[in-house]
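Structure first, commentary second.
Keep in mind it's a predicted model, so treat the numbers as computed, not measured.
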Amino acid sequence: MENYQIDNLDKSILHALMDNARTPYAELAKRFAVSAGTIHVRVEKMKQAGIIVGTKVTISAKKLGYDVCCFIGVNLKHARDYPSTIAQLQEFEEVVEAYYTTGNYSIFIKVMARTIDHLQDVLINKIQTIEAIQSTETLISLQNPIAREVIP
């Protein structure tokens, strides 16, 4: 079912679920003037097609004490070190995202730390201890004015 083409009803369902994934199907059905069964079938088809890949709870990192967000460009000594480096970065709870990239860096990671001292500790005692890493460049985020999912 990988060739499933979404229509306007599917888009409306996706928008509603992106706003609140816990919205009951009956409420969506009423809103879009279709049956709850139709909503259920559409959601299941989008799950099978891989369009909907799950639901999640969004938490506030700041409320949990993570005040420092930064992005770190990582240069590897050798491209072959990528899988093992990712495996090692995966072990650090402060690394919340990682991307294999083209351009100036081999890997680009997002790190959340409680304080600048915590960030320094993560850099020195975790990330820079990985033997395969040749160098890093850290960019501290001052704001996150745009944070959204892809709009269907």
Side-chain angles (χ1 to χ4, degrees), residues 1-25 28 39-152:
M1 194 175 273
E2 60 190 53
N3 292 331
Y4 183 77
Q5 295 294 314
I6 64 173
D7 62 15
N8 287 337
L9 176 58
D10 293 327
K11 287 180 183 180
S12 295
I13 293 167
L14 289 171
H15 282 272
L17 292 176
M18 288 169 67
D19 287 339
N20 181 0
R22 297 180 59 162
T23 306
Y25 289 175
L28 295 177
I39 300 293
H40 177 76
V41 167
R42 294 294 188 105
V43 169
E44 287 306 311
K45 283 184 178 179
M46 288 189 282
K47 284 180 180 178
Q48 289 173 5
I51 295 166
I52 296 175
V53 293
T55 57
K56 67 180 181 179
V57 172
T58 305
I59 60 167
S60 168
K62 199 165 206 54
K63 293 283 186 187
L64 293 176
Y66 288 86
D67 286 330
V68 180
C69 171
C70 71
F71 298 90
I72 302 174
V74 176
N75 288 308
L76 298 176
K77 292 177 183 171
H78 305 284
R80 68 175 176 263
D81 295 328
Y82 170 75
S84 64
T85 303
I86 288 294
Q88 290 173 79
L89 290 169
Q90 178 81 36
E91 297 300 312
F92 308 144
E93 68 183 29
E94 296 88 355
V95 176
V96 296
E97 294 180 28
Y99 301 89
Y100 191 30
T101 61
T102 62
N104 292 335
Y105 308 108
S106 307
I107 303 170
F108 205 67
I109 60 175
K110 179 178 177 181
V111 171
M112 295 299 296
R114 295 182 183 281
T115 62
I116 293 294
D117 288 342
H118 181 203
L119 173 59
Q120 181 178 338
D121 179 62
V122 170
L123 281 167
I124 294 170
N125 298 314
K126 292 184 176 183
I127 294 169
Q128 292 173 348
T129 63
I130 298 173
E131 182 63 32
I133 293 179
Q134 179 177 313
S135 64
T136 62
E137 181 178 0
T138 303
L139 308 166
I140 295 177
S141 171
L142 301 176
Q143 262 187 3
N144 182 200
I146 300 172
R148 61 181 168 216
E149 297 293 326
V150 172
I151 304 299

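The minimum heavy-atom distance between Arg114 and Tyr66, with the atom names listed, is NH2-OH, 3.3 Å. The heavy-atom pair separating Asn144 from Ala147 by the smallest distance is OD1-CB, 3.6 Å. The shortest non-hydrogen separation linking Ile133 to Lys77 is O-CE, 3.9 Å. Residues Cys70 and Leu119 approach most closely at SG-CD1, 3.5 Å, considering heavy atoms. Residues Ser106 and Leu76 approach most closely at OG-N, 3.4 Å, considering heavy atoms. Residues Ile72 and Thr138 come closest through the heavy atom pair CG1-OG1, 3.8 Å.
Without hydrogens or angle criteria, Asp19 side chain to Ala16 main chain gives no donor-acceptor distance under 3.5 Å.
Counting heavy-atom neighbours within 6.0 Å of Glu131 CD, excluding the residue itself, gives a total of 12 or less.
Under the rule for a side chain to side chain contact (heavy atoms under 4.5 Å, CB included), the partners of Ser12 that lie at least two apart in sequence or sit in another chain are Phe32.
Taking CE of Met112 as the start and CD of Glu93 as the end, the distance is 12.0 Å to the nearest 0.5 Å. The CG atom of Leu17 sits 6.5 Å away from the OH atom of Tyr25 when rounded to the nearest 0.5 Å. Once rounded to the nearest 0.5 Å, the distance linking CD1 of Ile13 with CE of Met18 reads 13.5 Å. To the nearest 0.5 Å, the span separating CG on Asn20 from NE2 on His15 amounts to 15.0 Å. Rounded to the nearest 0.5 angstrom, Ile109 CD1 and Phe92 CZ are separated by 9.0 Å. Interatomic distance, CG of Leu139 versus NZ of Lys110, reported as 13.5 Å (0.5 Å rounding).
Under the 30°/60° scheme for interplanar angles, the aromatic rings of Tyr82 and Tyr100 are found to lie parallel.
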Given side-chain contact (heavy atoms from CB on, under 4.5 Å), test Leu123 with Val111 step by step and report yes or no.
CA-CA 10 Å; Leu123 281 167; Val111 171; over 6 Å; no

Apply side-chain contact (heavy atoms from CB on, under 4.5 Å) to residues Asp67 and Lys62 and explain how you reach the verdict.
CA-CA 5 Å; Asp67 286 330; Lys62 199 165 206 54; 3.4 Å; yes

For Asp117 and Asp121, run side-chain contact (heavy atoms from CB on, under 4.5 Å): C-alpha distance rounded to whole Å, both residues' side-chain angles, the deciding distance at 0.1 Å, then the answer.
CA-CA 6 Å; Asp117 288 342; Asp121 179 62; over 6 Å; no

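Here the side chains of His118 and Val68 are not in contact, with every heavy-atom distance at 4.5 Å or above. A heavy-atom distance below 4.5 Å is not found between the side chains of Asp81 and Ile130.
The residue from Leu14, Asp7, Ile52 that alone fulfils the side chain to side chain contact (heavy atoms under 4.5 Å, CB included) condition with Arg42 is Asp7. In summary, of the residues considered (Ile39, Leu9, Val43), a side chain to side chain contact (heavy atoms under 4.5 Å, CB included) with Leu28 occurs for Ile39 alone.
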